[in-house]
Amino acid sequence: MKKIVIALSVMALLTSCVSKKKYTDLEARNKETQDLLNTATVKLNSCLEEKAGLAATAATLKEQNQGLISVSKDMTVLSTKGAQNIEKALESIKEKDLKISRMQDALTKKDSVTLALVTSLKSSVGISDPDIEINVEKGVVFISIADKLLFKSGSYEVTDRAKMVLAKVAKVVNDKPDFECMVEGHTDNVPYNGTGVLLDNWDLSVKRSTSIIRVLTNQLGVKPEQLIAAGRSSYIPLVSNDSAENRSRNRRTRIVVLPKIDQFYEMIEKEMKKQRP
């Protein structure tokens, strides 16, 4: 019996020793596992923090990207509008260049007509007589004839010598059916003292104009529709009426030659109106 007790005691002791060893091993493994778990937890927390940072960065980048997309769209719109504005500006410049070119062509043609007219008149009428002047004022051609070639003092009857001069003018006008002539009578400032229907220098200046027109139409074949009668009295003198010589210069008849270039002026006016804002 004693031996059995001793044997059981030895077996219990052996069993106790084996369990303690296993326990120690398990404890060591548990510690190792805990260490690994702690390490993993640290890494996990680090990853989570990094993930949160990356998520915030991603959100910021996304917002920036949306902003860039919006800006890009705005820039595209602006670029498109800018291109359209540039195109419109270029078209406007082209239109203005065309208008300017047309106006320059019209003015050039007008100047050419005026130059040809002056040359023709000077060739036909002659420029050697000091009492006959052919000039251009503001693009208009006029022939100024001293009254002593046309009328006797205080009279509106055209002299025979005047008819010779008027015949040369009529030749030019008849060769130019598209021309008009305005016959202007001018007097000095000495009051008119004649009798009859004429009351003053206004009447005298107009009557001299109509007398010349009758010679041009009735005797020299100029079409009446090409002529305009006008009287200016003494109110547009060439020089001061302070001497007999100056008064003689102021007594004159001016034949204003007007080429029918209304279409040129109308075109210029239309183009100018189009350019007004």
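Note that these values count all heavy atoms, side chains included, but never hydrogens, waters or copies made by symmetry.
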With a 4.5 Å cut-off on side-chain heavy atoms, are [Y] and [X] touching?
X: Ile255; Y: Ile145; result: yes
X: Val222; Y: Asn174; result: yes
X: Leu150; Y: Arg208; result: no

Is there a donor-acceptor pair under 3.5 Å between the side chain of [X] and the backbone N or O of [Y]?
X: Arg247; Y: Glu245; answer: no
X: Gln226; Y: Phe179; answer: yes
X: Thr217; Y: Ile213; answer: yes
X: Ser211; Y: Val158; answer: no
X: Asp160; Y: Lys163; answer: no
X: Asn246; Y: Asn241; answer: no

same_hphob_cluster([X], [Y]) at 4.5 Å side-chain heavy-atom cutoff:
X: Leu227; Y: Ile143; answer: yes
X: Ile134; Y: Val183; answer: yes
X: Phe142; Y: Ile228; answer: yes
X: Val165; Y: Leu220; answer: yes
X: Ile212; Y: Tyr156; answer: no

Looking only at heavy atoms, what is the nearest atom pair of Ser209 and Ala230, with distance? OG-N, 3.2 Å

Under the side chain to side chain contact (heavy atoms under 4.5 Å, CB included) test, which residues partner Thr187, sequence neighbours left out?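 For Thr187, the residues satisfying side chain to side chain contact (heavy atoms under 4.5 Å, CB included) (neighbours in sequence not counted) are Asn201, Leu204, Ser205, Ser233, Ser234.
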
My understanding is that only residues two or more places apart in sequence, or in another chain, count here; which of them pass side chain to side chain contact (heavy atoms under 4.5 Å, CB included) with Arg232? Glu184, His186, Ile236

Crowding at CD, Glu157 (>12 non-hydrogen neighbours, <6.0 Å):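 Open.
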
So, taking the atom named [atom1] in [X] and the one named [atom2] in [Y], what distance separates them when rounded to the nearest 0.5 Å?
X: Met164; Y: Thr159; atom1: CE; atom2: OG1; value: 10.0 Å
X: Leu216; Y: Arg214; atom1: CG; atom2: CZ; value: 12.0 Å
X: Cys181; Y: Lys223; atom1: SG; atom2: NZ; value: 13.0 Å

Scan for ring-ring contact (aromatic ring centres under 6.0 Å, His included) pairs involving residues 191-222, sequence neighbours excluded, and state none if there are none. Trp202-Tyr235

